[in-house]
Protein chains: 2
Amino acid sequence: MSLAKAQAAVSRRFDRLNMHGIGFTDFVILYILQESPDGKLRRKDLAEKTSLTASGITRLLLPMEKTGLIAREANERDARVSYVVMTEAGRRIYEEAKYTADAIAAELIPAEQFKKYSAAAALFKLLGAVIV
Amino acid sequence: MSLAKAQAAVSRRFDRLNMHGIGFTDFVILYILQESPDGKLRRKDLAEKTSLTASGITRLLLPMEKTGLIAREANERDARVSYVVMTEAGRRIYEEAKYTADAIAAELIPAEQFKKYSAAAALFKLLGAVIV
DNA sequence: GCATAATAGTTGAGTAGTCAAATATATGTC
DNA sequence: GACATATATTTGACTACTCAACTATTATGC
């Protein structure tokens, strides 16, 4: 089961991110948020982009909100949705973690791939290109 | 994170296997056992082939042993190892589940790939070829 | 041949999610 | 504008693992 193997290997290497106090999935959340045009997304959309369930997102974001990496913002038109916005602290941690993530990604992927992007961004794009 | 997405999608579809009383990972175990030359493997080797930890294998095999899909066999030379062998019941369930797995795999992969093998075998080989 | 290190497997405690049900709000229909 | 239906999020109970520490056994250096 090489898919499982690849994913296990990739996310295990990214465990080094916990030196910034965040896990692999937290980093992915910050990455997605920082990439999104308004810098905020509905929980639903984060769920889709990460392939987690809405429930998983709730549980993942809870500690991130407590430690102040992200914050909650209401939607004026629809009281059901609560946006997830990156805080200043979140952005700072993301920038720090990006260096680590880039180093890890550089160990994982061939050199030509990350001329244009940061290595981490390239890795994500590469994975996106390979499957599904 | 498309790797995670792909894996989530694949293993979620294989949830249909629980109509045979087994999960996706149990099926993978049976598949690996049935493919192995002697029809038996050390727990260690199963761990490596599935990318699980030895501990995960212990926990996975426990119920499979209870329901009689696999059995335990000692190694005469080395008392530390315990082989995992497929039982008759295990082989029967595997053969049944294979039809379901093939049907699922056929929905997931392009047609030319499974001329030679069963669709499930082709899927596994394909995944193996793509990454790692 | 004895001490030290290495290997196979299991166990306790914890983590990262899942699913199904509940809650709150929005939308469409009549 | 009330009622049924749909959508976004949260919660409780559970599952499928992981890691670190342990037990039992085997291999190695001296």
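Just so we're on the same page: letters track the sequence lines, and every chain starts at 1. As the structure is a computational prediction, the values presented were derived from the model and not from experiment.
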Rounded interatomic separation in angstrom, taking CZ from Phe24(A) and C1' from dG17(C): 15 Å

Under 3.5 Å, is there any donor-acceptor pair linking the side chain of Ser55(A) to the base of dT11(D)? yes

Arg80(A)/Asp78(A) salt bridge by N-O under 4.0 Å criterion: yes

Roughly how many Å is it from CZ in Arg72(A) to P in dA8(D), rounded to a whole number? 16 Å

dC17(D) phosphate, OP1 or OP2, under 4.0 Å from Thr25(B) side-chain N/O: yes

Could you tell me how far apart Leu46(B) (CG) and dT10(C) (P) are, to the nearest whole angstrom? 11 Å

Any salt bridge between Arg92(A) and Glu88(A), counting N to O under 4.0 Å? no

Rounded to whole Å, the CG-C1' distance (Asn18(A) to dA16(C)) equals 14 Å

Within this structure, what is the CZ-to-P distance between Phe14(A) and dA16(C), rounded to whole angstrom? 17 Å

Check: Arg59(A) side chain, dT9(D) base, donor-acceptor under 3.5 Å: no

In the structure I gave you, are the side-chain heavy atoms of Val28(B) and Lys49(B) within less than 4.5 Å of one another anywhere? no

Looking at Glu95(B) and Arg91(B), is any side-chain nitrogen of the basic one under 4.0 Å from a carboxylate oxygen of the acidic one? no

Pairs: protein N or O with nucleotides 23-25 of chain C N or O, under 3.5 Å:
none

How many Å lie between CG on Asp26(B) and P on dT15(D), as a whole number? 13 Å

Please state how far atom CG in Leu62(A) lies from atom P in dT9(D), giving the value in whole angstrom units. 14 Å

Roughly how far, to the nearest 0.5 Å, is the CG atom of Leu46(A) from the CG atom of Leu61(A)? 6.5 Å

Non-hydrogen side-chain atoms of Val84(A) and Arg43(A) separated by less than 4.5 Å: yes

Check the distance between dG17(C)'s C1' and Leu61(A)'s CG and give it to me in whole angstrom. 13 Å

Heavy-atom nearest nucleotide on DNA chain C for Ile57(B) versus Asp15(B): which residue maps closer to 5'? Ile57(B)

Just so I know, are the side chains of Met64(B) and Met86(B) near enough to count as touching, which here means a heavy-atom distance under 4.5 Å? no

Map Glu76(A) and Arg43(B) onto DNA chain C by nearest heavy atom, then report which one ends up closer to the 5' terminus. Arg43(B)

